[in-house]
Protein chains: 2
Amino acid sequence: MPTLKDVARASGVSVMTVSNVVNGRPRVSEATRRRVLEAVDELGYQVNLTARSLRAGRSGTIALSIPRVDHPYFAELAAAVTDALLPSGQHLVVEQTGASREGELSALSQARLQMYDGVLLSVVGLRDSEVARLHSDMPLVLLGEKPMPTQRDHVMLGNFEGARLATAYLIERDARHVAIVGGVADDAPAGMEGTRTAGWRAAHEEAGLVPDERLILPPDHFAMAESRATIGAAIDAGLEIDGVFAVTDQVAIGVVAGLHDRGLRVPDDVQVVGFDDLEVSEHLVPGLTTVDPRVDLVVAEALRLLERRMSGDEGAAEHLVMPVRLVVRGTTR
Amino acid sequence: MPTLKDVARASGVSVMTVSNVVNGRPRVSEATRRRVLEAVDELGYQVNLTARSLRAGRSGTIALSIPRVDHPYFAELAAAVTDALLPSGQHLVVEQTGASREGELSALSQARLQMYDGVLLSVVGLRDSEVARLHSDMPLVLLGEKPMPTQRDHVMLGNFEGARLATAYLIERDARHVAIVGGVADDAPAGMEGTRTAGWRAAHEEAGLVPDERLILPPDHFAMAESRATIGAAIDAGLEIDGVFAVTDQVAIGVVAGLHDRGLRVPDDVQVVGFDDLEVSEHLVPGLTTVDPRVDLVVAEALRLLERRMSGDEGAAEHLVMPVRLVVRGTTR
DNA sequence: CTGAAAGCGCTAACAG
DNA sequence: CTGTTAGCGCTTTCAG
């Protein structure tokens with residue numbers, strides 16, 4: 001690959017002048033500019049972004065770090081970030097952590113993150129202390145799921161509120177045996193599932209009902225196939241269920257399929273509510289009643305905070321919980 | 001951020017020794033190694049990957065460039081690449097081009113790509129000449145859709161074969177008015193839609209039928225909502241349709257919803273076949289009959305070719321078309 | 001308007 | 001086993 005030096009030699013000027021031309025800086029005579037550009041063209045010169053980053057201390061790119069792109073929720077999050085970032089001219093890359101602590105630790109090694117001017121980080125398995133250890137003047141905003149009492153900006157979905165809304169709606173629609181698929185026991189470590197399970201509990205209590213702990217069906221990687229099997233097994237075991245709050249839309253899709261496998265009709269026999277409002281959820285037959293997590297709001301706030309940090313603000317960390325809303329479709333009566 | 005120099009000073013050795021320790025090179029006495037590691041810990045030293053890349057000429061990361069992560073097919077492609085790459089210890093980042101030519105051009109600027117040791121590129125809008133212009137000794141493998149007569153390695157899905165299989169199956173199951181949603185006219189520029197439309201035509205001809213050009217319903221960004229509207233409008237216009245080959249599963253999901261909107265039953269009144277075999281397609285009710293594009297094979301081949309290039313092979317470019325298979329589920333009789 | 005020098009942080013090559 | 005030198009390609013600073 002040709003370098004500035006090569007172009008300089010070819011056009012008979014110094015590297016500095018070439019740099020000035022290439023970067024569109026003023027104070028270059030029209031004649032030399034043309035000569036330089038010719039050489040650039042001729043040699044096919046392209047800046048070396050690595051060298052520029054090293055020198056400049058900035059890379060012009062920001063990273064979004066998510067567990068996996070094939071979890072539709074994260075894919076939609078990534079798309080929302082991409083769209084929101086488009087006007088700013090910043091370049092975005094997506095890093096996948098693999099949903100495991102090890103993966104997160106490696107994708108999040110300080111060294112890696114240092115290559116970016118800013119990072120949006122959707123944490124799943126990391127401990128608070130691990131996040132805290134990240135170099136503190138790296139602009140970084142946490143996204144999503146679990147409460148983290150860190151000194152970093154953090155934008156969360158309304159997990160509790162959404163779960164509460166979803167469950168309350170099922171109860172309002174006369175479901176009296178509302179299972180939560182993807183729920184966790186009371187003493188599980190806090191996380192997305194835990195918070196949503198708490199919302200499920202709260203809705204019961206507000207309605208004067210006692211949540212049936214046997215109806216907490218554990219998560220299985222939040223995948224469709226596993227959820228389908230889980231609800232099937234619950235039915236087979238003779239559990240009486242007339243409503244399901246699925247902790248994600250992916251789970252909900254599996255649940256609907258599993259109910260259908262057992263000859264149960266949705267919503268006539270069992271009503272189902274999901275969480276995420278994926279694109280596909282609107283176009284299922286019947287359409288999935290679900291919680292819209294307002295990813296657009298989450299992303300807008302996160303980028304606002306990130307830009308603030310990137311421009312050097314050292315103020316106190318903000319912890320935001322964004323509002324959600326229930327979207328009623330055909331899987332509820 | 002502390003640098004090697006800082007660590008060297010703190011531990012009273014030269015930067016080179018610190019470098020040797022940090023990189024686990026042999027020939028360092030146990031005593032100095034310990035002293036250095038202490039200083040590393042104390043100062044919180046982390047290598048600067050930018051500097052290392054500049055020096056080494058390699059970054060240790062490869063890029064997958066796709067139009068958007070929220071197109072489920074590409075998300076699944078990205079996941080497959082991630083999984084396949086995991087054992088190799090290479091780091092992967094996902095670049096989104098935005099499905100527009102401009103986006104691709106910018107994400108694919110030579111400068112950007114140079115930062116990676118290798119690139120898997122899923123081209124959509126680029127012209128052959130633009131791809132050809134990329135610096136030729138950059139290890140790069142093209143993935144996917146349209147035939148490109150370039151000098152680069154290229155792994156394609158069996159677009160034609162899949163469309164032919166899907167359409168033939170509909171005809172075999174007694175559909176006689178098989179629409180293609182997402183199809184394009186004969187003279188459209190070659191691309192995924194064009195190739196799949198050709199497969200739809202071929203299946204008709206092989207069955208001794210004449211494809212009805214009015215049943216080519218144009219693509220609308222391959223989104224669910226648009227496809228739903230498109231099929232609805234076609235029904236409203238009085239077109240007789242008893243089978244639909246949807247060019248992607250996303251389109252198929254929209255089509256199923258649109259048919260349902262009009263009171264048509266799937267598969268009783270209209271049979272539907274998709275293309276992609278997304279995770280969700282298996283768990284729809286009824287399950288979607290679709291073409292499995294064997295992304296696993298595509299990815300395995302692509303990485304094989306990429307590794308070959310990355311290890312310096314200058315041999316002739318390979319152009320592969322991978323086999324596909326039909327997955328029969330509930331949307332066909 | 002143009003250029004020379006210095007150095008971003010790292011490592012390969014060679015000396016000691 | 002440890003240190004010195006040089007330089008990856010670029011841009012900031014300062015001098016012409």
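Labels below follow one simple rule: chain letters A, B, ... track the order of the sequence lines, proteins then strands, and each chain is numbered from 1. Side-chain atoms are counted along with the backbone in the values below, which use heavy atoms only and exclude waters and symmetry mates.
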### Message
Taking only side-chain N and O atoms of A:T17, does any of them lie within less than 4.0 angstrom of OP1 or OP2 on C:dG3?
### Response
yes

### Message
Without decimals, in angstroms, what is the distance between A:Q114 CD and C:dC8 C1'?
### Response
14 Å

### Task
In whole angstrom, give the distance that lies between atom CG of B:L4 and atom P of C:dG7.
17 Å

### Task
Starting from C1' on D:dC10, measure out to CZ on A:R58 and report it in whole angstrom.
13 Å

### Query
Looking at A:S14, does any N or O in its side chain come under 4.0 Å of the phosphate oxygens OP1/OP2 on C:dG3?
yes

### A:E301/A:R304 ion pair, N-O < 4.0 Å
yes

### Task
Kindly check if the number of other-residue, nucleotide or ligand heavy atoms within 6.0 Å of CD (B:E318) is above 12?
yes

### Query
Would you say A:T3 reaches D:dC8's phosphate, i.e. side-chain N/O to OP1/OP2 under 4.0 Å?
no

### Query
Would the number of heavy atoms belonging to other residues, nucleotides or ligands and lying under 6.0 Å from CZ of A:R58 be above 12?
no

### Query
Rounded to whole angstrom units, what separation is found between the CE atom of A:M115 and the C1' atom of C:dC10?
13 Å

### Message
Could you tell me if the side chain of A:V21 sits less than 4.5 Å from the side chain of A:T32, heavy atoms only?
### Response
no

## Note on the structure
Between B:V7 and B:V36, the two heavy atoms sitting closest are CG1-O, 4.1 Å

### Message
How many whole angstroms separate atom CZ of A:R25 from atom P of C:dG3?
### Response
14 Å

### Whole-Å distance separating the CZ atom of B:R9 from the P atom of D:dG3
15 Å

### Message
If only side-chain N and O atoms count, and only distance matters, is there a donor-acceptor pair under 3.5 Å linking B:N48 with B:R55?
### Response
no

### Query
Can you check whether B:L140 reaches B:R309 side chain to side chain, under 4.5 Å on heavy atoms?
no

### Task
For DNA chain D, determine which residues of residues 44-57 of chain B have any heavy atom closer than 4.0 angstrom to one of its atoms, and list them numerically.
B:L54, B:R55

### Message
Taking the axis from the first five pairs and the axis from the last five, what angle separates them in the helix from C:dC1-D:dG16 to C:dG16-D:dC1, rounded to 10 degrees?
### Response
40°

### Query
So does A:T32 get a side-chain nitrogen or oxygen closer than 4.0 Å to the phosphate oxygens (OP1/OP2) of C:dC1?
no

### Message
Taking A:S59's backbone N and O only, do any of them form a donor-acceptor pair with A:D117's side chain (distance below 3.5 Å, no angle check)?
### Response
yes

### Query
Does a side chain donor of either B:R25 or B:S19 reach within less than 3.5 Å of an acceptor in the other side chain?
yes

#### Entry: Presence of A:N20 side-chain N/O under 4.0 Å of C:dT2 phosphate oxygens OP1/OP2
no

### Task
Could you check how far CZ of B:R34 sits from P of D:dT2, rounded to whole Å?
12 Å

#### Entry: Nucleotide D:dA15, atom P - distance to CE of A:M16 in whole Å
16 Å

### Message
With a 4.0 Å limit, can you tell me whether A:S19 has a side-chain N or O closer than that to the phosphate oxygens OP1/OP2 of D:dT11?
### Response
yes

